[in-house]
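Everything on this sheet refers to the single structure shown next.
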Amino acid sequence: MYVLGIETSCDETAVAIYHAEKGLINHVLYSQAASHSEYGGVVPELASRDHIRKLIPLIKQTLHDSNLSASAINGVAYTAGPGLMGALLVGAATARSLAWAWQVPTVAVHHMEGHLLAPMLEENPPQFPFVALLISGGHTLLIKVGGIGQYQLLGESLDDAAGEAFDKTAKLLGLPYPGGPLLAELAALGSPRFVFPRPMTDRPGLDFSFSGLKTFALNTINHSANNQQDKRDVAFAFQQAVAETLSIKCKRALLQTGLKTLVVAGGVSANQAIRTGLQEMCKNQGAEVYFPRPAFCTDNGAMIAYAGYQRLRVGQQQNLEIFARPRWPMDELLSCA
């Protein structure tokens with residue numbers, strides 16, 4: 001079974017092909033970051049227009065590079081949410097139209113489930129059950145995973161997610177969009193001069209809150225950041241606070257569930273300081289931690305093709321409607337058991 005995966009939830013247009021036995025055949029991605037950088041963030045209308053312009057050429061390129069014709073595709077998977085409604089509709093309408101024309105089934109994929117399953121594309125994938133930390137854009141989630149579609153929400157961000165806090169703090173430091181990776185580069189040159197709070201770690205529970213950390217960074221910048229080294233030190237302190245907060249919460253989740261496997265995925269999981277902190281915590285707890293490769297941390301078509309394959313293989317598929325949900329709780333997903 002060859003499954004074509006389409007990802008258009010935000011500002012990256014991505015396409016991939018996954019095969020039941022051969023694994024990932026090919027994946028391509030077009031990033032719109034340069035188009036949005038002058039505005040300091042994603043402009044939804046521009047994102048939708050770029051998806052329209054790029055999606056069909058990328059599908060053709062993926063088929064060509066895979067030495068496959070359209071007749072070889074056995075199913076189409078697409079990101080149906082959560083995300084920007086206009087961007088989602090581009091992928092949904094294209095996927096549904098292609099599936100109808102090719103007379104193959106199509107399936108709507110939850111964007112965060114795609115991230116959650118991205119480590120399954122690696123040579124040494126994690127085994128169920130496990131705890132998953134999903135840190136992608138506007139989402140910071142802790143989930144107990146019993147299997148594909150078997151998700152129990154343990155904790156979530158109550159305001160700004162970790163990725164949002166990274167980008168907003170980067171903007172405060174004068175860094176262009178997308179600022180998260182640039183803040184990490186700045187932090188690598190910083191020193192432990194400032195001490196930032198570890199939000200919501202002084203109380204029980206597994207929820208997150210990063211808006212106060214962003215405000216603390218703003219106050220520190222206004223009062224103490226007079227030169228470039230000061231900004232490096234602020235970036236270092238901010239990044240360490242986020243990394244330690246995530247480690248504390250993940251440790252609690254492992255202890256609460258009794259599980260010994262942690263999966264970390266989403267764009268922010270590419271941050272090396274966060275990875276190092278979680279690896280050290282898991283080592284101390286006698287647990288294992290799994291990450292996707294950096295290329296599969298950010299939005300990509302490979303994770304959508306894989307998640308779609310897992311649902312298509314058990315007979316799940318969409319009807320003829322063009323289905324998209326900008327808000328979509330993961331606990332509403334069907335199990336693949």
Side-chain angles (χ1 to χ4, degrees), residues 1-9 12-30 51-52 54-81 83 87-123 125 128 147-150 292-293 295-296 299-325 328 330 333-337:
M1 174 187 284
Y2 285 102
V3 176
L4 177 74
I6 295 172
E7 157 62 30
T8 63
S9 65
E12 278 143 343
T13 314
V15 179
I17 296 174
Y18 183 87
H19 186 265
E21 281 115 30
K22 300 176 184 177
L24 183 63
I25 304 300
N26 193 25
H27 65 99
V28 295
L29 180 143
Y30 169 75
H51 288 312
I52 293 171
K54 285 291 185 177
L55 184 53
I56 293 299
L58 285 179
I59 292 172
K60 291 180 178 179
Q61 178 187 336
T62 307
L63 288 169
H64 177 269
D65 293 348
S66 304
N67 294 316
L68 295 171
S69 64
S71 61
I73 300 300
N74 305 110
V76 180
Y78 68 94
T79 300
L88 292 170
L89 283 172
V90 175
T94 303
R96 181 63 269 178
S97 300
L98 290 176
W100 182 84
W102 296 342
Q103 293 297 290
V104 297
T106 186
V107 65
V109 173
H110 193 289
H111 181 73
M112 298 309 294
E113 180 176 58
H115 278 301
L116 187 153
L117 297 177
M120 299 296 183
L121 292 163
E122 305 302 326
E123 290 186 6
F128 300 112
I148 298 176
Q150 299 173 30
R293 71 192 74 169
F296 292 164
D299 295 349
N300 63 88
M303 68 183 191
I304 303 304
Y306 178 81
Y309 160 73
Q310 293 295 338
R311 294 194 170 275
L312 286 169
R313 73 177 180 83
V314 296
Q316 296 181 18
Q317 58 180 283
Q318 302 301 119
N319 55 27
L320 288 174
E321 72 171 309
I322 296 175
F323 174 80
R325 289 185 64 179
W328 189 6
M330 285 189 71
L333 297 178
L334 298 174
S335 171
C336 283

Problem - Distance, nearest 0.5 Å, that separates OH of Tyr309 from CG of Asn74 - result: 11.0 Å
Fill in the blank from the handout: Looking only at heavy atoms, the pair that brings Ser71 and Ser69 closest together is OG-OG, 2.7 Å
Exercise for the section: To the nearest 0.5 angstrom, please state how far the CD atom of Gln61 sits from the OH atom of Tyr30. Expected result: 13.0 Å
Exercise for the section: Nearest 0.5 Å please: distance from the CG atom of Leu55 over to the OG1 atom of Thr94. Expected result: 4.5 Å
Practice task
Search all heavy atoms of Ala324 against all heavy atoms of Leu89 and return the closest pair with its distance.
Solution key: CB-CD2, 4.0 Å
Handout entry: Which residues share a side-chain contact (heavy atoms from CB on, under 4.5 Å) with Ala305, sequence neighbours left out
Key = Ala16, Tyr18
Practice task
Verify, without hydrogens or angle tests, whether Thr8 (side chain) and Ala87 (backbone) share a donor-acceptor contact under 3.5 angstrom.
Solution key: yes
Problem - Interatomic distance, Leu68 atom CG to Thr62 atom OG1 [nearest 0.5 angstrom] - result: 10.0 Å
Fill in the blank from the handout: Heavy-atom nearest pair, Ala307 first then Val109, reads CB-CG1, 3.8 Å
Exercise for the section: Search all heavy atoms of Gln317 against all heavy atoms of Pro105 and return the closest pair with its distance. Expected result: OE1-CB, 3.5 Å
Fill in the blank from the handout: Residues at least two apart in sequence or cross-chain that pass ring-ring contact (aromatic ring centres under 6.0 Å, His included) with His27, listed by chain then number, are Phe296
Exercise for the section: State whether the side chain of His110 and the backbone N or O of Trp328 hold a donor-acceptor pair below 3.5 Å, judged by distance alone. Expected result: yes
Problem - Test item: Arg313 side-chain N/O and Cys336 main-chain N/O as donor-acceptor pair under 3.5 Å - result: no
Handout entry: Flag, side chain of Thr106 to backbone of Val76, donor-acceptor distance under 3.5 Å
Key = yes
Exercise for the section: Check whether any side-chain heavy atom of Gln310 lies under 4.5 Å from a side-chain heavy atom of Glu113, and answer yes or no. Expected result: no
Handout entry: Separation between CD1 of Ile148 and CG of Leu116, rounded to the nearest 0.5 Å
Key = 9.0 Å
Problem - Side-chain touch Ile17/Leu63, heavy atoms, less than 4.5 angstrom - result: yes
Practice task
Locate the shortest heavy-atom distance separating Met303 from Ala118; write the atom from each residue and the value.
Solution key: CB-CB, 4.2 Å
Practice task
Kindly give the heavy-atom pair with the smallest separation between Ile59 and Leu4, and that separation in Å.
Solution key: CG2-CD2, 4.2 Å
Handout entry: Parallel, tilted or perpendicular: ring planes of His115 versus His111, cut at 30 and 60 degrees
Key = perpendicular
Handout entry: Separation of Ile304 CD1 from Leu117 CG (nearest 0.5 Å)
Key = 9.0 Å
Handout entry: Side-chain (Glu7) to main-chain (Thr79) donor-acceptor, under 3.5 angstrom
Key = no
Handout entry: Close side-chain approach of Lys22 and Tyr2, heavy atoms under 4.5 Å
Key = yes
